[in-house]
Amino acid sequence: MTTAVLTDHERTAVQAYLRLLHTVRAGLDAGTGPDGPPRPPVVPPSVLAEAEEALRAAGLTGNEEAFFRLLRDWSPRP
């Protein structure tokens, strides 16, 4: 596995993205059940705002390719 050395801003962006991803997954899991159709996940605005601000501070807004390369290099695969 490649080890990437991230700046503080890049690390914050990756961590905020992972929190957002886990929040959405938890919302999807909670939205399923026998009581009817699945509900869309609810993402707290603060979680989304945190991720957007972290991307902006890291200079990664609009550069998804670079961000996902950082994420792939830094975050171990499950």
Side-chain angles (χ1 to χ4, degrees):
M1 176 173 89
T2 304
T3 302
V5 177
L6 304 180
T7 67
D8 288 342
H9 288 304
E10 291 169 338
R11 186 177 311 102
T12 300
V14 169
Q15 290 170 337
Y17 170 78
L18 291 174
R19 276 191 291 280
L20 176 61
L21 181 64
H22 294 306
T23 300
V24 170
R25 283 183 178 163
L28 288 171
D29 289 344
T32 59
D35 300 6
R39 296 172 301 203
V42 175
V43 177
S46 61
V47 175
L48 187 55
E50 175 194 22
E52 289 176 346
E53 174 58 25
L55 287 172
R56 187 202 59 72
L60 295 167
T61 301
N63 195 348
E64 290 81 8
E65 182 179 341
F67 173 71
F68 284 111
R69 190 177 323 112
L70 276 175
L71 182 65
R72 187 175 47 251
D73 290 345
W74 185 73
S75 180
R77 300 217 191 282

Completion exercise
dist Q15:CD -> L20:CG (nearest 0.5 Å) comes out at 13.5 Å
Handout entry: Nearest-0.5 Å distance, NE2 of residue H22 to CZ of residue R25
Key = 6.5 Å
Practice task
Taking the side chain as every heavy atom from C-beta outward, state whether T61 and F67 have any pair of such atoms under 4.5 Å apart.
Solution key: no
Problem - Minimum side-chain heavy-atom gap E52-R56 below 4.5 Å - result: no
Problem - Least distance between heavy atoms, A13 atom then L60 atom - result: CB-CD1, 4.5 Å
Handout entry: Shortest non-hydrogen contact from A16 toward A51
Key = CB-CA, 3.7 Å
Problem - E65 with R69: basic N within carboxylate O range, under 4.0 Å - result: yes
